[in-house]
Amino acid sequence: MKIGILGTGVVGNTIGSKLIESGHEVKMGSRTANNEKAAAWVNANGANASHGTFSDAAAFGEIIFNATKGEISIAALELSDEKNLNGKVLIDIANPLDFSNGFPPTLSVCNTNSLGEIIQKTFPQLKVVKALNTINCGLMLNPMGLKGKHDLFICGNDAEAKSKVTALLQSFGWKNIHDLGDITNARATEMLLPVWVRLYGKFHTAHFNFHIVK
Ligand SMILES: NC(=O)c1ccc[n+]([C@@H]2O[C@H](COP(=O)([O-])OP(=O)(O)OC[C@H]3O[C@@H](n4cnc5c(N)ncnc54)[C@H](OP(=O)(O)O)[C@@H]3O)[C@@H](O)[C@H]2O)c1
């Protein structure tokens with residue numbers, strides 16, 4: 001599948017490489033066409049890897065990942081150009097974390113709104129599926145990296161888009177995927193971050209996940 005990744009940070013790099021390893025074609029997008037981190041990632045990942053602007057990556061992808069800083073995700077999507085986004089599935093990994101007062105960060109939006117919803121409202125033709133934001137990027141497309149059962153949450157308004165995302169995630173070995181409902185449920189998965197960052201502070205590793213027992 002052709003996949004566009006918005007973001008040249010550790011998340012874009014890590015999931016981009018896993019997608020390439022699995023045979024997908026990936027274009028990584030940035031504010032500039034000649035981003036050094038994106039160029040280095042392409043060099044390390046071979047012929048199915050390419051890079052360009054946010055707009056190039058969005059135009060390329062049948063599915064697009066939002067792996068940008070939450071505070072600028074809307075700006076990055078605006079640079080992607082709505083015409084490249086309309087009708088497509090966006091897997092929104094971003095978290096609205098505010099580090100302006102240090103660690104632990106606070107959420108810049110919560111309770112009655114979420115970044116996932118803001119993206120969906122701003123780009124109504126985009127099929128936003130919030131997923132993967134509650135785990136470290138080393139586990140996102142590598143669930144076997146942890147021993148034992150552990151769980152993932154998705155939500156979004158479009159059932160077909162959620163099926164596509166679920167199938168993609170299952171192809172990487174995810175088993176316990178909980179569909180929480182429409183995109184307003186991004187409030188809940190983003191509000192798991194205050195717990196996640198405290199566990200990170202306690203464990204001194206990001207190599208963990210939540211498991212639901214009924
Ligand atoms: N680290 C994890 O394991 C993890 C886990 C779960 C969720 N997340 C979430 O995943 C997202 C990505 O995290 P990350 O650490 O990989 O990347 P990041 O550093 O948060 O974001 C990198 C991207 O943001 C873009 N950017 C920065 N300022 C911008 C601006 N003013 N306008 C437009 N774009 C701008 C950069 O563009 P350029 O390429 O042009 O520099 C770059 O592509 C975050 O929302 C994070 O909360 C991370």
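Every heavy atom of this structure was used, including side-chain atoms; hydrogens, water molecules and symmetry mates were not. Indexing begins at 1, ligand by ligand and atom by atom, following the structure's order. Predicted, not measured: the structure shown is a model, and the values here were computed from it.
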*Is ligand 1 less than 4.0 angstrom away from at least one heavy atom of Met140?*
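Yes; Met140 lies near enough to ligand 1 that a heavy-atom distance drops under 4.0 Å.
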*For Thr134, is the nearest heavy atom under 4.0 Å from an atom of ligand 1?*
no
Select the closest option to [atom] among [options], judged by heavy-atom distance.
{"atom": "atom 12 (C) of ligand 1", "options": "Ala67, Gly29, Ala76", "answer": "Ala67"}
{"atom": "atom 11 (C) of ligand 1", "options": "Thr68, Asn136, Leu77", "answer": "Thr68"}
{"atom": "atom 27 (C) of ligand 1", "options": "Glu36, Arg31, Lys37, Glu190", "answer": "Arg31"}

_Please tell me whether Phe210 and Trp196 form a close aromatic pair, meaning their ring centres lie under 6.0 Å apart._
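Judged by ring-centre distance (under 6.0 Å), Phe210 and Trp196 do not meet the cut-off.
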*List the atom of Val128, the atom of Gly116, and the distance in Å for their closest heavy-atom pair.*
CG1-O, 4.1 Å
*ILVMFWY cluster, Ile63 and Met28 together (side-chain gap under 4.5 Å)*: yes
Side chain or backbone, does [X] bring an N or O within less than 3.5 Å of an N or O on ligand 1?
{"X": "Val11", "answer": "yes"}
{"X": "Ile135", "answer": "no"}
{"X": "Thr8", "answer": "yes"}

Side chains of [X] and [Y] in contact at under 4.5 Å (non-hydrogen atoms):
{"X": "Val26", "Y": "Phe60", "answer": "no"}
{"X": "Arg187", "Y": "Glu117", "answer": "yes"}
{"X": "His207", "Y": "Leu139", "answer": "yes"}

*asked:* At under 4.0 Å between heavy atoms, is it the side chain or the backbone of Asn133 that contacts ligand 1, or both, or neither?
replied: backbone
*With atoms numbered from 1 as shown, which atoms in ligand 1 lie under 4.0 angstrom from a non-hydrogen atom of Cys137?*
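Taking each heavy atom of Cys137 in turn, ligand 1 has 2 (C), 3 (O) under 4.0 Å.
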